[in-house]
Amino acid sequence: MILQKRFRIWCIALLAAILAFGLFALCTGQFHIEVSRVFAELFGAGSEVKDNVHTVIFNIRIPRVLMALVAGAGMAASGTAFQSLFANPLATPDTLGVANGASFGAALGILLGGGAFQVQLSALAFGIAAVLLVYAVTRSRRSGGTSVLMLILAGIVISSLFSALVSLIKYVADPQDVLPVITFWLLGSFSGITKNSMLLSVPLILAGTILIFLLRFRLNALSLPEEEARSLGLNLRLIRVLVVGAASLTTASVVSVCGVIGWVGLLIPHISRMLFGNDNRYVVPSSILSGGLFMLLVDTLARCATTSEIPVSILTAVIGAPVFIILLRRTGGLKR
């Protein structure tokens with residue numbers, strides 16, 4: 001009962017923080033907008049003439065805030081799912097090579113001169129292809145089915161392969177025009193988010209995140225020894241496929257529109273476990289809300305800290321690495 005009460009209070013606090021910082025993000029930036037004007041525009045009490053303020057709020061900042069929340073929630077949920085599935089606290093959403101596969105697809109799309117939608121579609125397709133390739137590699141070895149260890153090993157190999165292909169794309173790209181675009185895209189940013197770019201990515205991210213949320217009870221069983229989990233009457237193979245599919249679809253969709261963003265899927269689940277233990281009934285919802293808030297804060301800082309926007313992945317690493325070290329010390333991870 002105490003844990004449930006603490007969980008409810010935490011979720012309410014996170015929701016309140018998301019609303020407060022979401023409003024702050026709408027007001028803050030190189031073009032400052034008063035809070036009263038933001039409320040007037042949101043509730044339809046603004047000027048009938050659509051001026052610059054209206055355009056900035058509805059065409060730039062609202063899509064960006066929503067995308068940051070959805071992407072952060074999706075990456076945190078994917079990280080939680082993989083850490084539970086593989087029973088590995090260092091598992092990330094890119095464990096199976098999804099991010100590197102999507103990165104190669106985006107780099108290839110940019111190299112071939114595709115538009116924003118073509119680049120996004122190419123990244124999504126190659127991200128999903130990376131996971132399918134991992135399963136193809138593991139299925140070629142008949143050792144009583146696809147084991148978790150085989151998935152991890154195949155994921156490392158496929159991830160390295162696509163990482164090398166990304167390097168090849170950068171090597172052959174025009175250093176004056178194409179290479180800077182690829183490099184900046186790979187650093188991760190929400191600066192290019194528009195309503196159109198959200199049409200493909202957001203529904204897929206939400207679908208994957210919701211599926212992980214619905215499977216949070218099953219994730220607890222996956223952490224048990226296989227014989228015990230099977231004794232509960234669970235179809236472990238189906239559950240693993242659903243978890244991997246949902247997490248991979250979410251990760252590929254985020255990378256396809258935002259670029260590579262690290263640390264969210266690693267750091268946020270550990271914070272949630274530090275608060276609520278290993279019970280995924282609490283960890284998954286907490287990670288979803290915490291991940292959305294964390295990404296919103298980082299993105300707001302990225303665009304407001306300096307006159308030129310800082311890539312999001314740089315800030316997530318700068319913030320995430322020290323916080324992760326502090327978590328390790330507090331949980332005894334660095335003690336002998």
Side-chain angles (χ1 to χ4, degrees), residues 1-18 68-96 98-99 131 148 151 202-224 229 232 234-236 238-254 261-297 316 320 323-324 327 331:
M1 293 297 294
I2 297 177
L3 182 61
Q4 291 180 352
K5 183 177 180 180
R6 188 172 66 192
F7 173 71
R8 293 192 188 100
I9 294 174
W10 178 250
C11 289
I12 293 173
L14 287 176
L15 288 172
I18 287 173
L69 290 172
V70 172
M75 295 296 285
S78 299
T80 304
F82 276 155
Q83 287 173 15
S84 298
L85 175 64
F86 299 133
N88 186 342
L90 295 179
T92 66
D94 191 35
T95 298
L96 300 184
V98 183
V131 180
V148 171
L151 282 174
V202 169
L204 296 178
I205 297 171
L206 290 178
T209 304
I210 291 173
L211 182 55
I212 293 173
F213 176 81
L214 296 176
L215 291 172
R216 65 192 186 281
F217 300 98
R218 303 292 190 271
L219 287 174
N220 287 334
L222 291 179
S223 62
L224 298 172
L232 297 175
L234 298 177
N235 188 338
L236 295 183
L238 176 60
I239 295 174
R240 285 170 181 164
V241 170
L242 289 175
V243 171
V244 169
S248 300
L249 179 65
T250 300
T251 303
S253 301
V254 171
I261 301 174
W263 284 96
V264 182
L266 177 63
L267 177 66
I268 299 301
H270 280 281
I271 294 176
S272 297
R273 287 194 180 91
M274 186 180 70
L275 293 172
F276 303 108
N278 292 320
D279 192 342
N280 285 293
R281 294 178 301 172
Y282 304 116
V283 173
V284 172
S286 173
S287 296
I288 290 173
L289 294 176
S290 301
L293 177 61
F294 176 75
M295 188 57 69
L296 175 62
L297 293 175
T316 55
V323 172
F324 193 71
L327 290 179
T331 57

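Basis for what follows: all heavy atoms, side chains included, without hydrogens, waters or symmetry-related copies.
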Between [X] and [Y], what is the shortest heavy-atom contact and its length?
| X | Y | answer |
| --- | --- | --- |
| Leu267 | Gly320 | CD2-CA, 3.8 Å |
| Phe324 | His270 | CE1-CD2, 3.5 Å |
| Ile18 | Leu289 | CD1-O, 3.8 Å |
| Thr80 | Pro269 | OG1-CG, 3.3 Å |
| Asn220 | Asn280 | OD1-N, 2.9 Å |
| Ser248 | Val131 | OG-CG2, 3.3 Å |

| task | With side chain to side chain contact (heavy atoms under 4.5 Å, CB included) as the test, would you mind laying out the steps for Leu275 and Tyr282 before giving the verdict? | result | CA-CA 9 Å; Leu275 293 172; Tyr282 304 116; over 6 Å; no

| query | Checking Thr251 side chain against Ala247 main chain: does a donor-acceptor pair fall under 3.5 Å? | reply | yes

| query | Counting distance only, does the side-chain N/O of Gln83 pair as donor-acceptor with the main-chain N or O of Asn88 below 3.5 Å? | reply | no

| request: Give the C-alpha distance, both sets of side-chain angles, the deciding distance and a yes or no for side chain to side chain contact (heavy atoms under 4.5 Å, CB included) between Leu14 and Ser290. | output: CA-CA 7 Å; Leu14 287 176; Ser290 301; 3.4 Å; yes

| Do Ile212 and Ser78 touch side chain to side chain, with heavy atoms closer than 4.5 Å? | yes

| task | Decide yes or no for Leu238 and Leu242: does some side-chain heavy atom of the first lie under 4.5 Å from some side-chain heavy atom of the second? | result | yes

| request: Output every pair passing side chain to side chain donor-acceptor pair (under 3.5 Å) with a member in residues 209-218, not counting sequence neighbours, ordered by first then second residue. | output: none

| message | Would you say that more than 12 heavy atoms from the other residues, nucleotides or ligands in this model lie under 6.0 Å from the CG of Asn278, or not? | response | no

| message | Between Phe86 and Leu96, is the side chain to side chain contact (heavy atoms under 4.5 Å, CB included) condition met? List the steps. | response | CA-CA 11 Å; Phe86 299 133; Leu96 300 184; 4.0 Å; yes

| request: Compute whether any side-chain donor of one residue and acceptor of the other, for Arg281 and Ser286, lie under 3.5 angstrom apart. | output: no

| query | Could you walk me through whether Met295 and Leu69 pass the side chain to side chain contact (heavy atoms under 4.5 Å, CB included) check? | reply | CA-CA 6 Å; Met295 188 57 69; Leu69 290 172; over 6 Å; no

| field | From CG (Leu204) to CG (Leu249), nearest 0.5 Å | value | 5.0 Å

List the atom pairs, with distances to 0.1 Å, where a side-chain N or O of residues 70-77 and a protein N or O form a donor-acceptor pair under 3.5 Å, not counting sequence neighbours.
none

| request: Applying side-chain contact (heavy atoms from CB on, under 4.5 Å), name anything that partners Leu85, two or more places apart in sequence or on another chain. | output: Phe82, Leu222, Arg240, Val243, Val244

